[in-house]
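Here is the structure we will look at, set down as structure tokens.
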Amino acid sequence: MFSILVLHGPNLNLLGKREPGIYGSLTLDDINRLLEKEAATLGVNISFLQSNHEGALVDAIHAASTLHQGIVINAGAYTHTSVAIRDAIAAVSLPAVEVHLSNIYRREEFRHHSHIAPVVIGQISGFGSDSYLLGLRALVNHLTQLKSVNK
Ligand code: CA2
């Protein structure tokens, strides 16, 4: 059974408590519960980590290489600033999917660039909590295809 790590970056612990107009009314726990249901449907294990600290996210990505087969990541504002998170994803060479609640390309220009996009298999942006669910499905499909090719 595949094991997937979902990483939530800075300020996402505030979801559902502030700025519902941009990020919706669901809390991070609500999103994690939806992901758990989807993971059960897909037949995969799922774990979660939220951190406001860049180094903690880098450590979690390193640790994932021996514990998990793939990563779904919403790096929050670190998406646009963090070479360290990009390098960590590239270093572990686990398949990762980048997700965003909002459509980062419809927002301020500084959100249009992702340091992470070049080192992930794909990016899903703008579908609210569905971005995470779609990201999980895409990652599991990818892993399943890889497994059948390597049989
Ligand atoms: O759309 C996304 O998922 C983002 O990754 C969210 C980040 C933002 O910096 C990215 O550009 C796009 C911000 C997450 C902040 O979440 C909050 C939630 C409630 C209240 C305040 C912030």
Side-chain angles (χ1 to χ4, degrees), residues 2-42 44-65 67-143:
F2 296 127
S3 175
I4 307 298
L5 175 65
V6 179
L7 286 176
H8 305 286
N11 296 310
L12 288 162
N13 53 312
L14 299 178
L15 278 179
K17 298 166 186 160
R18 309 250 162 81
E19 302 199 56
I22 303 179
Y23 297 116
S25 56
L26 294 185
T27 66
L28 197 60
D29 278 348
D30 292 333
I31 292 176
N32 288 345
R33 295 299 79 79
L34 291 171
L35 281 163
E36 276 175 347
K37 271 179 83 176
E38 187 71 17
T41 303
L42 294 166
V44 300
N45 283 323
I46 194 159
S47 307
F48 308 98
L49 177 79
Q50 188 277 329
S51 180
N52 295 321
H53 304 279
E54 188 175 21
L57 294 165
V58 169
D59 286 343
I61 293 164
H62 292 175
S65 69
L67 300 170
H68 304 284
Q69 283 71 54
I71 298 173
V72 173
I73 182 166
N74 182 352
Y78 288 142
T79 303
H80 319 297
T81 63
S82 180
V83 176
I85 290 174
R86 172 201 170 116
D87 285 351
I89 294 170
V92 298
S93 63
L94 279 183
V97 175
E98 175 184 353
V99 300
H100 297 285
L101 296 157
S102 62
N103 180 345
I104 58 175
Y105 303 100
R106 290 183 69 172
R107 301 187 62 194
E108 304 95 325
E109 196 147 345
F110 67 84
R111 297 187 202 274
H112 296 182
H113 181 261
S114 166
H115 282 294
I116 291 165
V119 295
V120 295
I121 53 179
Q123 183 198 70
I124 299 170
S125 172
F127 296 97
S129 56
D130 280 349
S131 293
Y132 282 93
L133 300 174
L134 292 165
L136 176 63
R137 279 163 57 176
L139 179 58
V140 172
N141 281 350
H142 178 85
L143 289 167

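Read the numbers this way: they start at 1 and go in the same order the structure lists the ligands and their atoms. For the single chain, residues carry numbers from 1 onward in sequence order.
For a heavy-atom separation below 4.0 Å, the residues in contact with ligand 1 are P10, N11, L12, L14, L15, R18, E19, Y23, N74, G76, A77, H80, H100, L101, S102, I104, R111.
Donor-acceptor pairing under 3.5 Å is recorded for the side chains of N52 and Q50. Between the side chains of Q69 and S3, no donor N or O sits under 3.5 Å from an acceptor N or O. If you check the side chains of E98 and T79, you find no donor sitting under 3.5 Å from an acceptor.
Listed by first and then second residue, the ring pair (Phe, Tyr, Trp, His ring centres under 6.0 Å) pairs involving residues 8-40 are H8-Y132 (not counting sequence neighbours).
Contacts of H100 classified as ring-ring contact (aromatic ring centres under 6.0 Å, His included), with partners at least two apart in sequence or in another chain: none. Partners of R33 under the salt bridge (Lys or Arg N to Asp or Glu O under 4.0 Å) rule, at least two apart in sequence or in another chain, are E36.
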